[in-house]
There are 2 protein chains.
Amino acid sequence: MNQQIVTRIKCKDCPIRHRAVCSTADETELASMEQIKTYTTHRAGEPILWRGDEIKFVASIVDGVATLGQTLEDGRTQVVGLMLPSDFIGRPGREKSKFDIVASTDVTLCRFERKPFEHLLATTPHISQRLVEIALDELDAARDWMILLGRKTASEKIATFLSMLIKRQHIERIDGMQPRLALPLTREKIADYLALTLETVSRQMTALQRAGVLEFTDRRHFNVLDMDALRRATGDDEPL
Amino acid sequence: MNQQIVTRIKCKDCPIRHRAVCSTADETELASMEQIKTYTTHRAGEPILWRGDEIKFVASIVDGVATLGQTLEDGRTQVVGLMLPSDFIGRPGREKSKFDIVASTDVTLCRFERKPFEHLLATTPHISQRLVEIALDELDAARDWMILLGRKTASEKIATFLSMLIKRQHIERIDGMQPRLALPLTREKIADYLALTLETVSRQMTALQRAGVLEFTDRRHFNVLDMDALRRATGDDEPL
DNA sequence: TTGAAAACTTGATTCAGATCAAGGTTCTTG
DNA sequence: CAAGAACCTTGATCTGAATCAAGTTTTCAA
């Protein structure tokens, strides 16, 4: 596991301070977290943790994108989670990872050894409460993804994926400007996340472009031309 | 919502006492839970909570089976969770349900008004710790289901579903006896859970019977004749 | 007890997306 | 900066499961 320890950033200057597992921690609590944290970076494509590995640490994603993946015995794979900045990696109270975690872009982690973190959890209600919220939010997200995997068509899947990226990266339309997005995954990884093939992903993205819904500036960047059309193309009811 | 209040059962005599959200509660804590609980029953087929409804209560399933479901705007449906005895329904801290919850067999719930339960959570670390465990276990289960929905074939889906039923109902093979199982869902609901059609579910079950893996005694009951063959038919790696 | 509805099975046909195939474009690195 | 490797696109064909169809069996209410 190729990784590199980088300079510590002060928690109060941290870009994910207000959204991560530490968001509800007060100054004293933050000080104890600061004690036990380490920053590491992982290059795009490198594994962070394999299925079956001992879970030595938990972490928040500070920057970059990682995938949580599953594999069947014959090699078919499914990405079961997309981890963006402020998301929490690892599971307190579990010895071994059930999933492969792979850096999809260059990733910076704010890492805690598992044992000290578990101690912190047991003694700091603010942090354990935040972790419940995070777990329940992820559970809702996983269940939303289940209807996508089970019942949506290829074009609905692509539209839902792109809408989700826009929503989760907190990208807003600023007076008339159309949102511009970077795809953090290759066509192949998008296919693994949506349960399609890379050919189908490619074709459906081309179709959305031809329909005038969006416009690719290069293979990994696009502008949304018609946000409402994209929303309608997801097949979803209005969100609650 | 047709429901019926039934006689209270004492917590210490409760069949799910050792597995539900109350499992780590001590005697004092159990006493406070006993204060605010109510038992209700729901007939097979009746809704317990619709998507968009205000969440007035949370509950443990004492007996029976309920489904958590999602619907797309054109009516396509996906069951995103199967709730068995000791499972927890509802989400503290959320105002409205994101899912339809429907009794699939007759169901008995041990119910708590949401607000008093949230108070209990905030003041009873044992219960909130247990709720984190439950949420994280459900998250793992949801992610396991994602690879089924995305990448498994129809026959692997059926084999996985039947294996899961055996595992979650804690049915053991007792000296040579083959496990006998009741299907708690109709073919149509199984199809909604596995993202298949009811016709495909029917055909694949017939195929497993013809292959000698299992044997139906009637439409809702079967014996497993070859547990190893069933396990192999799931397509999974060995579990960790 | 019986008639209708619900649940299930089996067969024929269709189709969305997979697979197979052949190139084109953009990175990477020596 | 050249060449190989990744990554992506587009086309032709195939296939697993959906859809359409026609029954049979079971359940349940009147």
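Each chain gets a letter, A, B and so on, in the order its sequence line appears, and its residues count up from 1. The figures that follow rest on heavy atoms only: side chains count, while hydrogens, waters and symmetry mates do not.
Aromatic pair B:Trp50/B:Phe99: centroids not less than 6.0 angstrom apart.
Formation of a donor-acceptor pair under 3.5 Å by the A:Arg114 side chain with backbone atoms of A:Ile55 is found in this model.
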Per-nt protein contacts along nucleotides 14-25 of chain C (heavy atom under 4.0 Å; B base, S backbone sugar-phosphate only, - none) come out as ---SSBB---BB
Less than 3.5 Å apart, which donor and acceptor atoms pair up between the side chains of residues 198-216 of chain A and the rest of the protein, not counting sequence neighbours?
from: A:Thr200; atom 1: OG1; to: A:Thr197; atom 2: OG1; distance (Å): 3.1
from: A:Thr206; atom 1: OG1; to: A:Ser202; atom 2: O; distance (Å): 2.9
from: A:Glu215; atom 1: OE1; to: A:Asn223; atom 2: ND2; distance (Å): 3.3

Would you sort out whether A:Lys152 and A:Thr160 count as a side-chain hydrogen bond (donor to acceptor under 3.5 Å, both in side chains), showing the intermediate values? CA-CA 9 Å; A:Lys152 287 191 176 181; A:Thr160 306; 2.9 Å; yes
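A:Asp53 and A:Ser97 share no side-chain donor-acceptor pair at under 3.5 Å. With 3.5 Å as the limit, one finds no donor-acceptor pair spanning the side chains of A:Gln78 and A:Asp192.
For the salt bridge (Lys or Arg N to Asp or Glu O under 4.0 Å) criterion with B:Lys98, the lone passing option out of A:Asp236, A:Asp144, A:Asp137 is A:Asp144.
Classification of B:Glu238 and B:Arg231 as a salt-bridged pair holds, one side-chain N sitting under 4.0 Å from a carboxylate O.
Atoms CE (B:Met205) and C1' (C:dT10) sit 16 Å apart, rounded to a whole Å. Put simply, CD on B:Gln209 is 14 Å from C1' on C:dT10, counting in whole angstrom units. Taking atom CG of B:Leu198 as the reference point, atom P of C:dA7 lies 10 Å away to the nearest angstrom.
Taking every nucleotide of DNA chain D with any atom under 4.0 Å from a non-hydrogen atom of chain A, the first and last of them, 5' to 3', are D:dC7 to D:dA12.
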